[in-house]
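Below you'll find the structure, written out as C-alpha cells, and then a few comments.
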Amino acid sequence: MTERVTEWPGDLPPGARSERMIRVDHAGEYGAARIYAGQLAVLGRSDKGDLLRHMEAQEQEHLRTFNTLIAERRVRPTLMLPFWHVAGFALGAVTAALGEKAAMACTVAVEETIDAHYAGQIDTIDPSEGELRGTLEKFRVDELAHRDIGLEHGAEQAPGYRLLTGVIKAGCRAAIAISERI
C-alpha cells in the first residue's frame, strides 16, 4: 500500500521538501561531528575517549552520506555552516569541560532532539523518497543508540541536568529552523 502525504496550501512541493530535509540534516550531522570534536579535545585522553570516538565516527559516516546527497542532488548547503563549525565545537568543549556527565547530558539532549526531528521527517517524507527514508530511519537508530549511551554513562547525574539539556534542546531546535531556511 502506498502512503499518502497530505499537502496543504502553502506547503513546499515534494522536491523542495526533500532539498530542505537534506540541507538541514547535512547541517545537523556537521554540527554533531563538531560537538564530538569539541568533546574529544577535552576528554579524548580520558576513559570516555574511545566511546566519544565511536560516536564521532558514526556522525562522520552520517555526514559523508549527506555530503554525497548534497552533491548528487545539487542541494545548496546552509549558509550557517561556518557558524555551526564554531558553535558545535564550543558546545562540545564547554560541556566536556564541565565534566564527563555534562558531556553525556549534551549527547542526550542533542540526540533526543534529532530523534524527534528525524521522526517528523520520516512521517512526512514523500513516498517517492524511499531511499532517503531508509537513510533517515537508519541514522535515527544510531542517534537513539547515542542517547542510550549517554544515559548509561551518567548523563542524568550531571549538575543542572534538566536546565542544561533544556537549553541545549532549545538551541538545537533553533539551529534546525535556521538551517532549513538559510
(message) I'd like to check the side-chain hydrogen bond (donor to acceptor under 3.5 Å, both in side chains) partners of Arg147; sequence neighbours left out, ordered by chain and number.
(response) none
Check residues 88-101 and write down every donor-acceptor pair under 3.5 Å in which the side-chain atom is one partner and the other belongs to a residue at least two apart or another chain.
unit_1	atom_1	unit_2	atom_2	d
Thr95	OG1	Leu91	O	2.9
Thr95	OG1	Gly92	O	3.2

(request) Measure the spacing between CZ of Phe139 and CD of Gln58 and express it to the nearest 0.5 Å. (result) 10.0 Å
(message) Under 4.5 Å side-chain heavy-atom separation, chaining through any Ile, Leu, Val, Met, Phe, Trp or Tyr, what else clusters with Tyr161? Say none if it is isolated.
(response) Val108, Leu151
(message) Suppose we screen for side chain to side chain contact (heavy atoms under 4.5 Å, CB included). Which residues come up paired with Glu72, at least two apart in sequence or across chains?
(response) Thr68, Leu69
(request) Indicate yes or no for a side-chain donor-acceptor contact from Gln39 to the backbone of Ala103 under 3.5 Å, with no hydrogens or angles considered. (result) yes
(request) Drop me the distance from Ile125's CD1 to Tyr118's OH, to the nearest 0.5 angstrom. (result) 11.0 Å
(message) What I'd like to find out is whether the side chain of Thr107 reaches to under 4.5 Å of the side chain of Glu143, using heavy atoms alone.
(response) no
(message) With a 6.0 Å cut-off (strictly less than), is the heavy-atom count around CZ of Arg76, excluding the residue itself, greater than 12?
(response) yes
(request) Determine whether Leu164 and Met104 fall in the same hydrophobic cluster, where Ile, Leu, Val, Met, Phe, Trp and Tyr are linked whenever their side-chain heavy atoms lie under 4.5 Å apart. (result) no
(message) If I take atom CG from residue Leu40 and atom CD1 from residue Ile35, how far apart are they, to the nearest 0.5 angstrom?
(response) 12.0 Å
(request) Could you tell me which residues satisfy salt bridge (Lys or Arg N to Asp or Glu O under 4.0 Å) with Lys138, sequence neighbours excluded, listed by chain and number? (result) Glu61, Asp142
(message) Applying side-chain hydrogen bond (donor to acceptor under 3.5 Å, both in side chains), can you list everything that pairs with Gln60, at least two apart in sequence or on another chain?
(response) Glu56
(request) Please answer: with hydrophobic residues joined when any side-chain heavy atoms are less than 4.5 Å apart, are Phe83 and Val86 in the same cluster? (result) no
(request) Using salt bridge (Lys or Arg N to Asp or Glu O under 4.0 Å) as the criterion, list what pairs up with Asp47, not counting sequence neighbours. (result) none
(request) Check salt bridge (Lys or Arg N to Asp or Glu O under 4.0 Å) between Arg73 and all other residues, then give those that pass, not counting sequence neighbours. (result) Glu129
(message) Let me confirm one number: the CD-CG distance from Glu152 to Leu51, rounded to the nearest 0.5 Å.
(response) 9.0 Å
(message) Rounded at 0.5 Å granularity, tell me how far CG in Leu136 sits from CD1 in Ile22.
(response) 8.5 Å
(message) Please find the pair of heavy atoms, one from Ala158 and one from Ala105, that lie closest to each other, and give the distance.
(response) CB-CB, 4.0 Å
(message) Please tell me whether Ile149 and Leu43 are part of a single hydrophobic cluster in this structure, the criterion being side-chain heavy atoms less than 4.5 Å apart.
(response) yes
(request) Following the transitive rule for hydrophobic clusters with a side-chain heavy-atom cut-off under 4.5 Å over Ile, Leu, Val, Met, Phe, Trp and Tyr, establish whether Tyr30 and Met55 coincide in one cluster. (result) no
(message) As an exercise, state the distance from NE2 of His62 to CD of Glu59, rounded to the nearest 0.5 Å.
(response) 5.5 Å
In residues 166-182, what donor-acceptor pairs under 3.5 Å come from side-chain atoms, sequence neighbours left out?
unit_1	atom_1	unit_2	atom_2	d
Lys169	NZ	Glu112	OE1	2.6
Ser179	OG	Trp84	NE1	2.7
Ser179	OG	Ala175	O	3.0
Arg181	NH1	Ala177	O	3.1

(request) Anything under 30° is parallel, anything over 60° is perpendicular, the rest tilted; go ahead and classify Tyr36 against His146. (result) perpendicular
(message) How close do Glu19 and Val75 get, counting heavy atoms only, and between which atoms?
(response) O-CG1, 3.5 Å
(message) Which residues pass the side-chain hydrogen bond (donor to acceptor under 3.5 Å, both in side chains) test with Asn67, not counting sequence neighbours?
(response) His26
(request) Decide whether Leu144 and Leu52 are clustered together by the hydrophobic rule: side chain heavy atoms of Ile, Leu, Val, Met, Phe, Trp, Tyr closer than 4.5 Å, transitively. (result) no
(request) Please name all residues satisfying salt bridge (Lys or Arg N to Asp or Glu O under 4.0 Å) with Asp115, sequence neighbours left out, ordered by chain then number. (result) Arg140
(request) Quick one: list whatever passes side-chain hydrogen bond (donor to acceptor under 3.5 Å, both in side chains) with His117, sequence neighbours left out. (result) Asp25, Gln121
(message) Could you check whether any side-chain heavy atom of Thr78 comes within less than 4.5 Å of a side-chain heavy atom of Val24, counting everything from C-beta outward?
(response) no
